[in-house]
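Reading through the C-alpha cells given below for one structure.
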Amino acid sequence: MIPRAGDRLTRIPPWVSRWLGFRLSPPPPLPPYMNYFWSFIGAFCGLSVVQAIFNYSDYFLGRKVPGIIASYGASAVLVYGAPQAPLAQPRALLGGHFLSALVGICITKLFSLIPSRFTFDSVRWLAASLSTATAILVMQITDTTHPPAGATALLPAVDIDVWNLSWYFLPVVLLSSTMLLAVSLLLNNIQRVYPTFWIAPALPI
C-alpha cells in the first residue's frame with residue numbers, strides 16, 4: 001500500500017503501519033521461491049490458528065462448531081498465495097464471507113418454513129443454488145466479491161453441522177475471517193505487502 005494524499009496511515013508510526021500494509025515506497029520484488037515459502041507458511045499458520053480455536057475451545061465445542069468452515073481453505077489460497085489480488089483484500093475477505101453467510105442462512109431458513117421436513121430436505125439443493133447466486137449478486141453490489149464466499153453461502157443448505165449452528169454461523173464466519181486476516185497482516189508483511197488497500201484501491205494520479 002503506497003501512500004496517497006490524506007492517507008491516515010501516514011500519521012501512524014512506521015513500526016505500526018508496516019503491519020497494516022503501509023509502505024512509503026514499493027518493496028523490491030521477491031524471488032519466486034520466497035513467495036512460495038511465505039505462501040506455504042501463511043496458509044499453514046492461518047488455517048492452524050482457525051482450527052485450534054474451534055477444535056480446542058470448550059466454548060465452541062459446547063456449541064458443536066465445526067473445526068473449520070471448508071470455504072476458508074480456498075480463502076487461504078487467495079490471502080496467502082495471491083495477497084496482491086483485489087479479491088484477497090480485507091474488504092472482500094471480511095465482507096464477502098459475512099454477507100454470503102447471512103444470505104445463505106436467510107434463504108435456507110425461508111425454505112425450512114416448508115411444513116414437511118421431507119419436502120424441505122428434498123429441495124435443499126435449490127436453496128443452495130439460490131443462496132450462492134444471490135450471494136454473488138450481493139457481493140457485486142457491495143464490492144466485496146470473494147470467490148470462496150460462494151461456498152460459504154451454500155453451506156447452510158448442504159452441511160447439516162452448519163445448518164444446526166443457525167444464526168450462530170454468522171459470528172463463526174466473522175471470527176474465522178478475522179483470524180485469517182490477522183495472521184496475514186503479520187506474515188504477509190514480513191517480506192511482502194498486505195493489504196494493497198483496505199476499503200478501495202488508490203485512484204491513479
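Since this is a predicted model, take the numbers as computed values, not measurements. Residue numbers count from 1 along this sequence.
When the side chains of ILVMFWY residues are joined at heavy-atom separations under 4.5 Å, either directly or via intervening members, M139 and W198 end up in two distinct hydrophobic clusters. One hydrophobic cluster, built from ILVMFWY side chains closer than 4.5 Å, cannot hold both V123 and L110; they sit in different ones. Residues W125 and F111 fall within the same hydrophobic cluster, defined by Ile, Leu, Val, Met, Phe, Trp and Tyr side chains chained together at heavy-atom separations under 4.5 Å. F44 and Y36 fall into different hydrophobic clusters, where Ile, Leu, Val, Met, Phe, Trp and Tyr side chains are chained together by heavy-atom contacts under 4.5 Å. Taking hydrophobic clusters as Ile, Leu, Val, Met, Phe, Trp and Tyr residues chained together by side-chain heavy-atom distances below 4.5 Å, L47 does not share a cluster with Y56.
At a threshold of 4.5 Å between non-hydrogen side-chain atoms, the residues V65 and Y59 do not count as touching. For the pair I53 and M179, the minimum side-chain heavy-atom distance is below 4.5 Å. When side chains are defined from C-beta on, T145 counts as touching L87, because their heavy atoms get closer than 4.5 Å. With contacts defined as side-chain heavy-atom distances shorter than 4.5 Å, the pair Q89/Y194 qualifies. Using a 4.5 Å heavy-atom cutoff, the side chains of F37 and L30 are not in contact. In this structure, F120 and T108 have side chains that are in contact, with non-hydrogen atoms separated by less than 4.5 Å. The shortest side-chain heavy-atom distance between L187 and I190 falls under the 4.5 Å cut-off. Residues H146 and L94 have side chains not in contact (no heavy-atom distance under 4.5 Å, counting atoms from C-beta outward).
In this structure, the separation between OG1 on T196 and CD on Q84 is 6.0 Å, given to the nearest 0.5 Å. How far CG of L102 is from OG1 of T134: 11.5 Å, rounded to the nearest 0.5 Å. A distance of 11.0 Å separates CD1 of I107 from CG of L154, quoted to the nearest 0.5 Å. Between L99 atom CG and T142 atom OG1 the span is 5.0 Å, to the nearest 0.5 Å. For the atom pair CG of L165 and CD1 of I105, the computed distance is 7.5 Å after rounding to the nearest 0.5 Å. Distance check: Y33 OH to N35 CG gives 10.5 Å after rounding to the nearest 0.5 Å.
Put simply, the side chain of R124 gets close to the backbone of A157: a donor and an acceptor are under 3.5 Å apart. Judged by distance alone, with hydrogens and angles left aside, the side-chain atoms of S112 form a donor-acceptor pair with the main-chain N or O of K109 at under 3.5 Å. When atom types are taken as modelled, the side chain of D159 and the backbone of L155 share no donor-acceptor pair closer than 3.5 angstrom. For T132 (side chain) and G150 (main-chain N/O), a donor-acceptor pair under 3.5 Å exists by modelled atom type. Proximity of a side-chain donor or acceptor of D143 to a complementary backbone N or O of R91 within less than 3.5 Å is not detected. Between the side chain of S131 and the backbone N or O of A127 there is at least one donor-acceptor pair closer than 3.5 Å.
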Please walk me through it: do F54 and I69 pass side chain to side chain contact (heavy atoms under 4.5 Å, CB included)?
CA-CA 10 Å; F54 293 125; I69 303 301; 5.9 Å; no
Under the criterion side chain to side chain contact (heavy atoms under 4.5 Å, CB included), I'd like the reasoning laid out for I160 against W163: C-alpha separation, chi angles, the key distance, then a yes or no.
CA-CA 5 Å; I160 192 62; W163 171 243; 3.9 Å; yes
Tell me, with the steps shown, if S176 and H97 meet side chain to side chain donor-acceptor pair (under 3.5 Å).
CA-CA 9 Å; S176 298; H97 273 299; over 6 Å; no
Applying side chain to side chain contact (heavy atoms under 4.5 Å, CB included), run through L130 and L126 and close with a yes or a no.
CA-CA 6 Å; L130 182 59; L126 186 58; 5.6 Å; no
Could you go through R192 and S39, starting from their C-alpha distance and side-chain angles, then the distance that decides it, and tell me whether this counts as side chain to side chain contact (heavy atoms under 4.5 Å, CB included)?
CA-CA 10 Å; R192 302 191 290 185; S39 296; 3.4 Å; yes
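When the shell of 6.0 Å around CH2 of W167 is examined, it contains more than 12 heavy atoms from other residues, nucleotides or ligands.
Taking every heavy atom of both residues into account, Y80 and G46 meet most closely at OH-CA, 3.5 Å. Among all heavy-atom pairs drawn from V193 and P27, the shortest one is CG2-CG, 3.4 Å. Between S184 and V79, the shortest heavy-atom contact is OG-CG1, 3.2 Å. Residues A135 and A153 share a closest heavy-atom pair of CB-CB, 3.6 Å.
Checked by atom type, the side-chain pair Y72/S177 shows a donor-acceptor distance below 3.5 Å.
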